Amino acid sequence: MWRDHKLLLAGFVLAVAVMLFFAVRSVMFWIYWADPAHREEPIAGWMTPRYVAHSWAIPPEVLRDALAVPPDTRRMTINALAESRGVTPEEIIRQIEAVIAEHRSNGTVTRP
């Protein structure tokens, strides 16, 4: 088969490798977030707003909009966000905690 269809076989092997990569990645994310230790973690400066949103079970858009983080911003930590705004990370964390409390008080908790 290799002798007659090198390009086709190489494409197939590449497609299987990509599929396996994403399958393993998905399983790893599932295992990570299935651990109760990662739910409602104390908010820290190393976290990104998206990580906090996932940990606290609120839509990432709610947190992003409340913090006025541009949608195209990727992987900006709370420390980096605070530094870019000239405030302390504790101020950003208090703002995030207020958003979480408000979101939950509206009865829109997404995790049982």
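If you're wondering where the values come from, they're calculated on a predicted model, not measured in any experiment. What's counted below: heavy atoms across the whole structure, side chains too, no hydrogens, waters or symmetry copies.
Counting only distance, with no hydrogens or angles, the side chain of Asp35 and the backbone of Ile31 share no donor-acceptor pair below 3.5 Å. Between the side chain of Trp56 and the main chain of Glu41, a donor-acceptor pair closer than 3.5 Å is present.
In this structure, Thr88 OG1 and Ile78 CD1 are separated by 11.5 Å, a value rounded to the nearest 0.5 Å. With values rounded to the nearest 0.5 angstrom, His103 atom NE2 is found 14.0 Å from Ile96 atom CD1. A distance of 11.5 Å separates CG in Leu81 from CD in Glu91, rounded to the nearest 0.5 Å. Rounded to the nearest 0.5 angstrom, Glu90 CD and Gln95 CD are separated by 13.5 Å. Annotation: the span from Ile92 atom CD1 to Met47 atom CE amounts to 15.0 Å, rounded to 0.5 Å. In this structure, CZ on Arg39 lies 9.5 Å from OG on Ser55, to the nearest 0.5 angstrom.
Val52 places a side-chain heavy atom less than 4.5 Å from the side chain of Ile100. Using a 4.5 Å heavy-atom cutoff, the side chains of Pro49 and Arg64 are not in contact.
Remark: Phe12 CZ is loosely packed, at most 12 non-hydrogen atoms of other residues, nucleotides or ligands lying under 6.0 Å away. Counting non-hydrogen atoms of other residues, nucleotides and ligands closer than 6.0 Å to CG of Leu20 gives a total above 12.
In this structure, Glu97 and Ile43 approach most closely via the heavy-atom pair CG-CD1, 3.9 Å.
Under the 30°/60° scheme for interplanar angles, the aromatic rings of Tyr51 and Trp33 are found to be tilted.
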